[in-house]
Amino acid sequence: MSRKIYHLSTCSTCKKIIAEIQPDQTFELQDIKTEKISEAQLAEMQALAGNYESLFSRRARNYAARGLKDQILTEEDYKNLILEDYTFLKRPVILFENQIFIGNSKKTVGAAIESIQNHSA
């Protein structure tokens, strides 16, 4: 049973979301800038998400800088880009009891908080 939050400690949005979630000591927080995502960790996220594309951030500065928007990317491309550059991971990624919550949309964060609070109630 994974209880983990992949985040960026320098990201104010990630900080705000973690403060909202109030993860207890059963959660592991991984700053993806200082502790690189392993292939196994990414595979676990992909297994829950269904594909690598849903984990991929098109907002990353390097997405436009590298001309990726003009390319047709495969699942293997998404996987390799995320492993190569942490900024390509949509953040935060919250793993909780075989569920995955990806990104910072209000709906996603709300669903994560609801799931975590209902579980601990």
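Using a 4.5 Å heavy-atom threshold, the side chains of F101 and S115 count as touching. Side-chain contact check for L55 versus K90: every heavy-atom pair is 4.5 Å or farther apart. When side chains are defined from C-beta on, P23 counts as touching I18, because their heavy atoms get closer than 4.5 Å. Between I116 and E97 the shortest side-chain heavy-atom distance does not fall below 4.5 Å. Taking the side chain as every heavy atom from C-beta outward, L89 and S57 never approach each other to under 4.5 Å. Inter-residue side-chain proximity for S2 and E44 is flagged as met; some heavy-atom pair is nearer than 4.5 Å.
Legend: residues meeting ring-ring contact (aromatic ring centres under 6.0 Å, His included) with F88, ordered by chain and number and at least two apart, are F56. E53 is linked by a salt bridge (charged side-chain N to carboxylate O under 4.0 Å, His left out) to R58, counting only residues two or more places apart in sequence or in another chain. In this structure T26 satisfies the side-chain hydrogen bond (donor to acceptor under 3.5 Å, both in side chains) test together with R3, D24, sequence neighbours excluded. Listed by chain and residue number, nothing satisfies the side-chain hydrogen bond (donor to acceptor under 3.5 Å, both in side chains) test with E35 (two or more places apart in sequence, or in another chain). Scored by the side chain to side chain contact (heavy atoms under 4.5 Å, CB included) test, Q71 finds L68, L73 as partners (sequence neighbours excluded). Every residue meeting the salt bridge (charged side-chain N to carboxylate O under 4.0 Å, His left out) condition with E28, not counting sequence neighbours, appears here in chain and number order: K4.
Within the model, atoms CG of L8 and CD of Q30 stand 11.5 Å from one another, a figure rounded to the nearest 0.5 Å.
Linking Ile, Leu, Val, Met, Phe, Trp and Tyr whenever their side-chain heavy atoms come within less than 4.5 Å puts I5 and I17 in one cluster. Both I100 and L42 belong to a single network of hydrophobic side chains, linked directly or stepwise wherever heavy atoms of I, L, V, M, F, W or Y lie under 4.5 Å apart. The cluster map of Ile, Leu, Val, Met, Phe, Trp and Tyr, joined by side-chain heavy atoms under 4.5 Å apart, puts L81 and M45 in the same cluster. Linking Ile, Leu, Val, Met, Phe, Trp and Tyr residues whenever their side-chain heavy atoms come within less than 4.5 Å leaves L29 and V93 in two separate clusters.
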Derivation of the side-chain contact (heavy atoms from CB on, under 4.5 Å) call for R91 and I32:
CA-CA 10 Å; R91 304 175 300 273; I32 60 173; 3.7 Å; yes
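Think of I72 as one node in a network of Ile, Leu, Val, Met, Phe, Trp and Tyr side chains linked at under 4.5 Å; it has no links at all.
Residue pairs meeting the ring-ring contact (aromatic ring centres under 6.0 Å, His included) criterion with at least one partner in residues 2-36, sequence neighbours excluded, are F27-F96. Here side chain to side chain donor-acceptor pair (under 3.5 Å) pairs that include residues 79-89, with residues two or more places apart or in two chains, are E39-K79, N62-D85, R66-E84, D85-T87. Listed by first and then second residue, the salt bridge (Lys or Arg N to Asp or Glu O under 4.0 Å) pairs involving residues 68-78 amount to none (not counting sequence neighbours).
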Show the atom names and distances, to 0.1 Å, of all donor-acceptor pairs under 3.5 Å that link a side chain in residues 104-114 to residues at least two apart or in another chain.
{"residue": "S105", "atom": "OG", "partner": "T108", "partner atom": "N", "Å": "3.1"}
{"residue": "S105", "atom": "OG", "partner": "T108", "partner atom": "OG1", "Å": "2.8"}

